[in-house]
Amino acid sequence: MTTTVSPTRLILMGAATTLAGIGLGRFAYAAQLPGLIEAGWLSARDAGFVGATNLLGYLVGAVLASRLARRLGPGPVIKLSTLLIAVSFLASMWQGQVWWFSLWRFVAGVTGALLMVVAPSLIASQLPESKRKRGTAWIFTGVGTGVLISATLVPLLMQQGPELTWLGLGLIALLPVALVWRPWPGLPQAPQQGQQQARVGLVMAAIYLAYLLDAVGFVPHTVFWVDYLERQRGFSTWAAAIQWGLVALGAISGPFLVGAIARHAGWHRTLFTALALKGTAVLLPMLVPGTLVVSLSSFTVGALIPGMVATTMGRIGELVPAHVHATAWGRATALFAVGQAAAAYLMAPIYASAEHSSLIFIIGGSALLCAATLTLATPLFARHKPVTEVS
C-alpha cells in the first residue's frame, strides 16, 4: 500500500529526524561533558571513551541503514530509531558504570546514523522536483536546532545536576517522536529492467572522497574550537560560549542559505562553493587575528555543518537513481564517519601539544580546500554528459 504525505509534512518529519538523530543525539553530549566531569559522573578519560563509542555506533548505523530499511521498511526503522534516541537520554539518568553510558551513546550513534541515511534520502525521493532543492536543505534545519539547544538549554540544565539534564533532554527528544510517529511512504522501486545498482564511477568516487575530507575539516571546530579559544587565544569562558552560540546560529541558517544557492546555481556549484568557504573559514583565524575573524569563522563553519550534509546528499541525488540513493548516501555517511573518527584520534595528540595546537585547523582547512578542488574537477571525470540540473 502506498502512503501519500504532503511535501510540507514530509519536510517537517525529516527535520524532526535530524533534530533527534544529530542535533540532540550527537551534539547535546558534547555540551554536557564539562558538567559530567565536574560532577564526578565521568573522568576526562572515560568521557572521551564514551564519546568515541558514539562515533563507532554512527559508523555501524551508516553501514546497516539501507539493509535495515529494505528488510524492515523505512517507517519502522525511523520510528524506532527516534524513540531510542529519547530512551538513550532517559536511561543515562542513572549514574552507572562507564559501560552503561557507552552502551547508550553507542545506541544513539547507531540510531542517529539510521535516521541520517534513511529519512532524508526517502523524503528527497518523494518530493516533487520543484520543491526538491529547497526541501532537501530544510530537512537539515533540525541539526541547527539541536546545536542551539546544546548551546543554551544544556548549560542551564547542568546547573541543576546531570540527572535533570538527562531527563530534560529525554523529554525534548520525545517531541520528534510525536512528529515521526505517523505513516511513512515506502522505498522507491527499482525499474523493472533490473535491480542492479548504479555504477559508482569516477564522479561518485570523487564525491565520496570529498565528503570524507569534509569530515576531516569538520573535526577542529566541532571538537576543539571552544577549548582552543579559551586556552590558546585567551577568550573568557563567556566569550568562548558566545562563539559556540554563533556556531549554533550558523547551523540554523545554513540549510536555508544552501537551499537558496542550490536553486540558482545547482548542487555541483553549491558543493564546490560550500567546501571552499568552509575551508577558508577554518583556516582564516589561524592567519588573521581579531575577534571579528573568529566570529565569522564560527558562523560560517556552523552554517556548513548541516549545509554540507544537504549539499552532498543533493549532489548524490543528481548522480544516482532514486532506488539506490539510500545505498549511495549510506556509503557516503559511512566514509564520513570513518574520516571523522580517524581525524579526531589523529588530531588529539597534535592538539595536546600547546605549541602545535593550531596545526589541526591548518590540516582541517587544507583538507576542505582539497575537497573543493576535487569537486570542481568532477565534470572532467564524467564519461557521459554532465547531469542536467533541475530547478
Side-chain angles (χ1 to χ4, degrees), residues 120-121 124 129 132-140 143-144 198 200-222 250-251 253-284 287 296-297 299-320 325 328-329 331-333 335-336 339-340 343 361-391:
S121 59
E129 288 187 356
R132 193 163 296 160
K133 284 190 172 70
R134 185 191 301 269
T136 298
W138 284 18
I139 289 168
F140 296 99
V143 177
V200 173
L202 290 175
V203 175
M204 280 298 297
I207 299 299
Y208 288 152
L209 179 56
Y211 199 44
L212 186 150
L213 291 171
D214 175 57
V216 177
F218 169 88
V219 169
H221 271 63
T222 57
S253 60
F256 299 101
L257 297 174
V258 162
I261 296 172
R263 290 194 300 275
H264 291 90
W267 287 122
H268 170 63
R269 294 185 184 92
T270 304
L271 181 58
F272 163 73
T273 302
L275 285 166
L277 283 175
K278 191 174 181 182
T280 302
V282 173
L283 282 171
L284 199 59
L287 306 174
L296 181 62
S297 176
F299 181 85
T300 303
V301 173
L304 292 172
I305 290 173
M308 279 305 310
V309 181
T311 306
T312 305
M313 196 189 83
R315 180 59 174 148
I316 290 174
E318 290 181 329
L319 297 172
V320 301
H325 186 271
W329 178 232
R331 288 174 182 158
T333 304
L335 286 170
F336 186 95
Q340 173 185 246
F361 296 94
I362 296 174
I363 294 172
S366 299
L368 287 161
L369 294 180
C370 287
T373 304
L374 186 62
T375 58
L376 183 63
T378 51
L380 301 177
F381 303 150
R383 294 180 179 178
H384 307 289
K385 293 181 180 179
V387 177
T388 301
E389 297 188 348
V390 293
S391 302

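Only heavy atoms go into these numbers, but all of them, side chains included; no hydrogens, no water, no symmetry mates. Sequence positions, counted from 1, serve as the residue numbers for this chain. All values derive from a computational prediction rather than experimental measurement.
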Go through the steps for Leu319 and Ile207 under the test side chain to side chain contact (heavy atoms under 4.5 Å, CB included), then give the verdict. CA-CA 10 Å; Leu319 297 172; Ile207 299 299; 4.1 Å; yes
Side chain to side chain contact (heavy atoms under 4.5 Å, CB included) between Thr300 and Leu284, intermediate numbers included: CA-CA 11 Å; Thr300 303; Leu284 199 59; over 6 Å; no
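Rounding to the nearest 0.5 Å gives a distance of 10.5 Å between CG of Leu376 and CZ of Arg269. Taking CG of Leu368 as the start and CZ of Phe218 as the end, the distance is 11.0 Å to the nearest 0.5 Å. Going from atom CE of Met308 over to atom CG of Asp214 covers 4.0 Å, rounded to the nearest 0.5 Å. Rounding to the nearest 0.5 Å gives a distance of 11.5 Å between CG of Leu202 and CG of Leu209.
If you run side chain to side chain contact (heavy atoms under 4.5 Å, CB included) between Thr311 and each of Thr375, Leu275, Val258, only Val258 comes through.
The two residues Leu212 and Gly339 make their nearest non-hydrogen contact at CG-CA, 4.2 Å. The minimum heavy-atom distance between Trp329 and Ser121, with the atom names listed, is CD1-CB, 4.4 Å. In terms of heavy-atom proximity, Phe299 sits nearest to Ser253 at CZ-OG, 3.3 Å. Between Leu213 and Ala367, the shortest heavy-atom contact is CB-O, 3.6 Å. Contact detail for Ala343 and Val219: the closest heavy-atom pair is CB-CG2, 3.8 Å. In plain terms, the two heavy atoms of Ala251 and Pro306 that are nearest each other are O-CG, 3.2 Å.
Using a 4.5 Å heavy-atom cutoff, the side chains of Val309 and Val143 are not in contact.
Not counting sequence neighbours, the partners of Thr273 by the side-chain contact (heavy atoms from CB on, under 4.5 Å) test are Leu277. Here Ala328 pairs with Met204, Tyr208, Ile316, Val320 under the side-chain contact (heavy atoms from CB on, under 4.5 Å) rule; sequence neighbours left out.
Relative ring orientation between Phe336 and Tyr211 is described as tilted, the plane-to-plane angle lying within the 30° to 60° band.
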